[in-house]
Chemist: 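First the structure, which I've put down as structure tokens, then a few questions once you've had a look.
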Number of protein chains: 2
Amino acid sequence: MDDIVIYEFKSQIVKALANPLRLAICAYLLNENSPKCVNHIAKKLNQNQSNISKHLSTLQKEGIVSVEKEANYVRYYIQNKPLLQCFIDAVNGLLEYKIKQHSSVLESITDKDK
Amino acid sequence: MDDIVIYEFKSQIVKALANPLRLAICAYLLNENSPKCVNHIAKKLNQNQSNISKHLSTLQKEGIVSVEKEANYVRYYIQNKPLLQCFIDAVNGLLEYKIKQHSSVLESITDKDK
DNA sequence: TTGACATATTCCAATATTGGAATATACTAA
DNA sequence: TTAGTATATTCCAATATTGGAATATGTCAA
């Protein structure tokens, strides 16, 4: 198709989620029912503060997380939990499917040995 | 969390989809009801053959597409259409949501001018 | 004001991604 | 065999991503 531009925008969203640490941050915030501050998340994920801050910033740029400021704390939360959960579920499904394929290939190989 | 390894695997799947051209390829194959060969896809998307071939290869590595060979043609198709459609739907939702946020911010700015 | 703390940003080097061009491989038909 | 076609791979330079270290910014409390 010619509307490659729209895929550019879509890929920006996907790219924001295409990183193990950012996926871990999302998974953590999805499971919590209150906004969490940067240091808290950093400690939970055993990462340094500046790195987590940067990753949260890229998630925020794509509208995936948002912030709530109080005193000198900045607390992050998932903007649209149901939507992000759909995304995560789809990824989990794709991973499961990929693993199943792998194992069925392995089985067909070992079956031939019989 | 400590199981960063699992997020590594998940991010590999997401990365395979984190590219505008690969999203366009997926969208195209999702809408078709028969496998398509490399040159065909390349022409449809107005891209050169080697580039499309490489992108298809990265999609295949993550189990997103698969091939069917006949003569000197290699035809690609989406492995699990419902799952990939879920992924695409989630991304579309996230993009719509982001755009809505943007426009509501813009509205609140113009409202203040009144 | 000052010091202490939370967060953001900059700098930088290592690594990964990207796409075009050229080349290699594979299959078919004559 | 050869030529022709489809696809895959290699090479390479440009660009993007990544994370740590250092620094900057912002807020509070004394």
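A note on names: the letters A, B, ... follow the listed sequences, proteins ahead of strands, and every chain is numbered from 1.
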Chemist: Run the side-chain donor-acceptor check on residues 74-82 of chain A: report pairs under 3.5 Å with partners two or more places apart or on a different chain.
Modeler:
unit_1  : atom_1 : unit_2  : atom_2 : d
A/Arg75 : NH1    : A/Glu70 : OE1    : 3.0
A/Gln79 : OE1    : B/Tyr97 : OH     : 3.1
A/Asn80 : OD1    : A/Leu83 : N      : 3.2
A/Lys81 : NZ     : A/Leu30 : O      : 3.2
A/Lys81 : NZ     : A/Glu32 : O      : 2.6

Chemist: Got a donor-acceptor contact below 3.5 angstrom from the A/Ser103 side chain to the A/Ile99 backbone?
Modeler: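 Judged by distance alone, yes, a pair lies under 3.5 Å.
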
Chemist: Could you check how far CG of B/Leu21 sits from C1' of C/dG19, rounded to whole Å?
Modeler: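 Atom CG in B/Leu21 sits about 10 Å away from atom C1' in C/dG19.
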
Chemist: C/dT7, D/dG19, C/dT18: which one has an atom nearest the side-chain heavy atoms of B/Arg22?
Modeler: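 Per side-chain heavy atoms of B/Arg22, the pick is C/dT18.
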
Chemist: Round to a whole Å and report the spacing from CD of B/Glu8 to P of C/dT15.
Modeler: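 Rounded to the whole Å, the gap is 15 Å.
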
Chemist: Counting side-chain heavy atoms from C-beta on, which of D/dA6, C/dG19, D/dT18 comes nearest to B/Asn19?
Modeler: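 Nearest to the side chain of B/Asn19 among the choices is C/dG19.
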
Chemist: At under 4.0 Å, does any side-chain N or O of A/Tyr73 touch on OP1 or OP2 of C/dA8?
Modeler: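 Result: no.
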
Chemist: Any chance you could measure B/Asn31, atom CG, to B/Cys26, atom SG, to the nearest 0.5 Å?
Modeler: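 Reported value, rounded in 0.5 Å steps: 11.5 Å.
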
Chemist: Short of 4.0 Å, heavy atom to strand atom, which residues of residues 56-72 of chain A count as contacting DNA chain C?
Modeler: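 Of all residues in residues 56-72 of chain A, the ones placing a heavy atom under 4.0 Å from DNA chain C are A/Asn72.
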
Chemist: On DNA chain C, compare the nucleotides closest to A/His40 and B/Gln47; which residue's is nearer the 5' end?
Modeler: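 Upstream on the strand: A/His40.
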
Chemist: Do the side-chain N or O atoms of A/His55 get closer than 4.0 angstrom to the phosphate oxygens (OP1, OP2) of D/dG19?
Modeler: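 Looking at the OP1 and OP2 atoms of D/dG19, one of them is under 4.0 Å from a side-chain N or O of A/His55.
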
Chemist: OP1, OP2 of D/dA8 versus side-chain N and O of B/Tyr76: anything below 4.0 Å?
Modeler: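 For D/dA8, OP1 or OP2 has a side-chain N or O of B/Tyr76 closer than 4.0 Å.
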
Chemist: Rounded to the nearest Å, what distance is computed from the CD1 atom of residue B/Ile4 to the P atom of nucleotide D/dG19?
Modeler: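 Between P of D/dG19 and CD1 of B/Ile4: 10 Å.
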
Chemist: Kindly point out which of C/dT7, D/dT10, D/dA8 is positioned nearest to the side chain of B/Lys54?
Modeler: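 That would be D/dT10.
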
Chemist: Which nucleotide wins on minimum distance to the side chain of A/Gln49, given the candidates C/dG20, C/dT7, D/dG19?
Modeler: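 Taking heavy atoms from C-beta onward, the closest nucleotide is C/dT7.
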
Chemist: Write down the distance between CG (A/Asn48) and P (D/dA22), rounded to a whole number of angstrom.
Modeler: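 It is 11 Å, rounded to the nearest whole Å.
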
Chemist: Of all the choices, C/dT9, C/dA6, C/dG20, which nucleotide is nearest to the side chain of B/Ser50 once you look at every atom?
Modeler: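 Closest nucleotide among those given: C/dG20.
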
Chemist: May I have the distance from B/Lys43 (atom NZ) to D/dT5 (atom C1'), rounded to whole angstrom?
Modeler: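 Answer to the nearest Å: 11 Å.
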
Chemist: Can you check the B/Ile52 CD1 to D/dT7 C1' distance for me, whole Å?
Modeler: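 It is 13 Å, rounded to the nearest whole Å.
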
Chemist: Distance check needed: C/dA16 C1' versus A/Lys15 NZ, whole Å only.
Modeler: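 Going from A/Lys15 (NZ) to C/dA16 (C1'), I get 12 Å.
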
Chemist: Could you state the CG-P distance from A/Asn51 to C/dT15, rounded to the nearest angstrom?
Modeler: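 A/Asn51 atom CG is separated from C/dT15 atom P by 16 Å.
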
Chemist: Got a sec, which pairs hit salt bridge (charged side-chain N to carboxylate O under 4.0 Å, His left out) with one end in residues 48-67 of chain B, sequence neighbours left out?
Modeler: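 Non-adjacent pairs meeting salt bridge (charged side-chain N to carboxylate O under 4.0 Å, His left out): A/Lys98-B/Glu62.
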
